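Here's the structure we're looking at; comments come further down.
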Amino acid sequence: MIELSPIRQELSVPYIYDVHFTFGLFREDNLSLIKTLPTDAKETPAKILIVVDEGVAQTHQELLAQIAAYAKCHQDKLQLVRDPLLVPGGEQSKNTVDSLDLILKQVNDFKIDRHSYLLAIGGGAMLDMAGYAAALAHRGIRLIRVPTTVLAQCDSGVGVKNGINAFGKKNFLGTFAPPAAVLNDFEFLTTLEDRDWRSGIAEAVKVALIKDPPFFDFIASHAAALAKRDLAIMQKVIYRCAQLHLDHIRGGNDPFEKGSSRPLDFGHWSAHKLEQLTDYELRHGEAVAMGIALDCVYSNLSNLLSSDDLERILSTLETLGFQLYSSAMLTHKPPPENRLSLFEGLQEFREHLGGELTLLLLTQIGTGMNVHQVNETLYARAIHLLKERGTHENR
Ligand SMILES: NC(=O)c1ccc[n+]([C@@H]2O[C@H](COP(=O)([O-])OP(=O)(O)OC[C@H]3O[C@@H](n4cnc5c(N)ncnc54)[C@H](O)[C@@H]3O)[C@@H](O)[C@H]2O)c1
Ligand SMILES: [Zn+2]
């Protein structure tokens, strides 16, 4: 055979999307949504399929009527293909393919194409699932996210990932697919249960701890106000947290996570496992708060993090109202293995990233350090310290 040299293909695709912050997205005079819809030369209205998290629809009884009135008022710019589709919210939307199938079926029935939009309104779990549906249909239809929880507004809803759970593993199926736009409406936050109000703050603590000491100071000094649901402070926390996540995705030179290092997953190796070990009784953010606490105590036991910094971190999380210990941390595998089930999370985390196990530990507030090996005996000690601290706090 004649010698043929390889043909090199090199692509780089720019992605641009805006994350808007607003209040009352579907009030008729609010143009945030309209501004995100590019008009074509013929000025045809954008075709939109709306999907709503049932937890949101139940707590915002006026929402569906408001959306209908908004669509009518702006019919020259947008056309809803059907009444908003309601799907269950929370982790259950990622644990089966039911909602995914339902959305794909609607995309087919209503001929949503790559110039149309899926607009998803809901918490992080439902947005992850809907984003996955959008990425699969026609190899990617346009997605507008309207995150309705603190966690989704400051972290999951502004990034480039989607997914569902499979084989008992978090986010086993999913893609990297940047949205067309994100519309953060702070009004949604008023109806959150306390635990959903709180849980997203864990992601803000996480990103502050690894990147931004003044932001950690801000959270620490406003922890009591945040626990009492001060919306003005929360808006600042969400804005800065979203900004730090977006900066990292853009500036870290690895938006689609080809490398093994994932600083934004600080505290997450154990968090993902704890969610699974508790049958998703724990919210993602609640598990992240525990994961952060655990990795910080371990950092301290490894002589990386000072005791003063550790105490500030743990007491801030406690003032925010987080539990730092769960009995699931001490679940054992049956003999002869006898290992803590939690430690399977290390292996699963490595598998999910690929390559070498890479965990971020803290050396001080604002600075992390990657390690590739851990001492399980020391981690077990860290768990017992959190347990004792919890018992002491609860007395
Ligand atoms: N894609 C990513 O990059 C990324 C990052 C972090 C987390 N996540 C994922 O996000 C998920 C967690 O999301 P979450 O913390 O937003 O919780 P969630 O989506 O599980 O929602 C929690 C509950 O709140 C309800 N709800 C949503 N908005 C509401 C509102 N405004 N008022 C009242 N109730 C409302 C939901 O129906 C649900 O019952 C996890 O699956 C996690 O893995 C994804
Ligand atoms: Zn997270």
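Start at 1 and go down the list; that is how both ligands and their atoms are numbered. Predicted, not measured: the structure shown is a model, and the values here were computed from it.
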Relative to the heavy atoms of G89, which atoms of ligand 1 are at a distance of less than 4.0 Å? 37 (O)
A student checking ligand 1 against G90 at a 4.0 Å heavy-atom cut-off should list atoms 20 (O), 38 (C)
Steps toward side-chain hydrogen bond (donor to acceptor under 3.5 Å, both in side chains) verdict (N165, E91): CA-CA 9 Å; N165 309 327; E91 204 63 29; 2.8 Å; yes
Going by the order shown, which atoms of ligand 1 are within less than 4.0 Å of some heavy atom of L192? 28 (N), 29 (C), 30 (C), 31 (N), 32 (N), 33 (C), 35 (C)
Y239 OH: over 12 foreign heavy atoms closer than 6.0 Å: no
Which ligand 1 atoms, with their elements, are less than 4.0 angstrom from a heavy-atom of T59? 32 (N), 33 (C)
Nearest option to atom 40 (C) of ligand 1, as decided by whichever heavy atom of E91, H272, E54, Q58 sits closest: E91
N or O pair under 3.5 Å between F188 and ligand 1: yes
Consider every N or O of K170 and every N or O of ligand 1, then say whether any pair is closer than 3.5 Å. yes
List ligand 1 atoms under 4.0 Å from T149, heavy atoms only on the residue side. 14 (P), 16 (O), 27 (C), 28 (N)
Does the protein place any heavy atom closer than 4.0 Å to atom 27 (C) of ligand 1? yes
Shortest reach to atom 22 (C) of ligand 1 by a heavy atom, considering only L151, D196, N95, V150: D196
State the atoms of ligand 1, each with its element, that fall below the 4.0 Å cut-off from a heavy-atom position in V56. 27 (C), 28 (N), 29 (C)
Under 3.5 Å: N/O of T148 near N/O of ligand 1: yes
Any donor-acceptor pair under 3.5 Å linking the side-chain atoms of K273 with those of Q276? yes
K94-ligand 1 polar pair, N/O distance under 3.5 Å: yes
What are the atoms of ligand 1, with element, lying closer than 4.0 Å to any heavy atom of R283? 22 (C), 23 (C)
Selection from A125, G55, A287, G123 by shortest heavy-atom distance to atom 11 (C) of ligand 1: A125
T191: numbered ligand 1 atoms lying under 4.0 Å from its heavy atoms: 30 (C), 31 (N), 32 (N), 33 (C)
Shortest protein heavy-atom distance from atom 3 (O) of ligand 1, along with the residue and atom involved: K161 CE, 3.6 Å
Atoms listed for the Zn ion (ligand 2) (protein only, N, O or S, under 2.8 Å, no waters) are E203 OE2, H268 NE2, H284 NE2
Checking a contact table here: which protein heavy atom is nearest atom 6 (C) of ligand 1, and how many Å away? S156 CB, 3.6 Å
May I ask you to identify the nearest protein heavy atom to atom 37 (O) of ligand 1, giving residue, atom name and distance to one decimal place in Å? D53 OD1, 2.7 Å
Is it the side chain, the backbone, both or neither of D155 that has a heavy atom closer than 4.0 Å to ligand 1? side chain
Relative to ligand 1, is E275 under 4.0 angstrom through side chain, backbone, both or neither, heavy atoms considered? neither
Which protein heavy atom lies closest to atom 14 (P) of ligand 1, and at what distance to 0.1 Å? G124 N, 3.6 Å
Sequence neighbours excluded - side chain to side chain donor-acceptor pair (under 3.5 Å) pairs with any residue from residues 139-154: Y117-R142
Under 3.5 Å, is there a donor-acceptor pair linking the side chains of S306 and D308? no
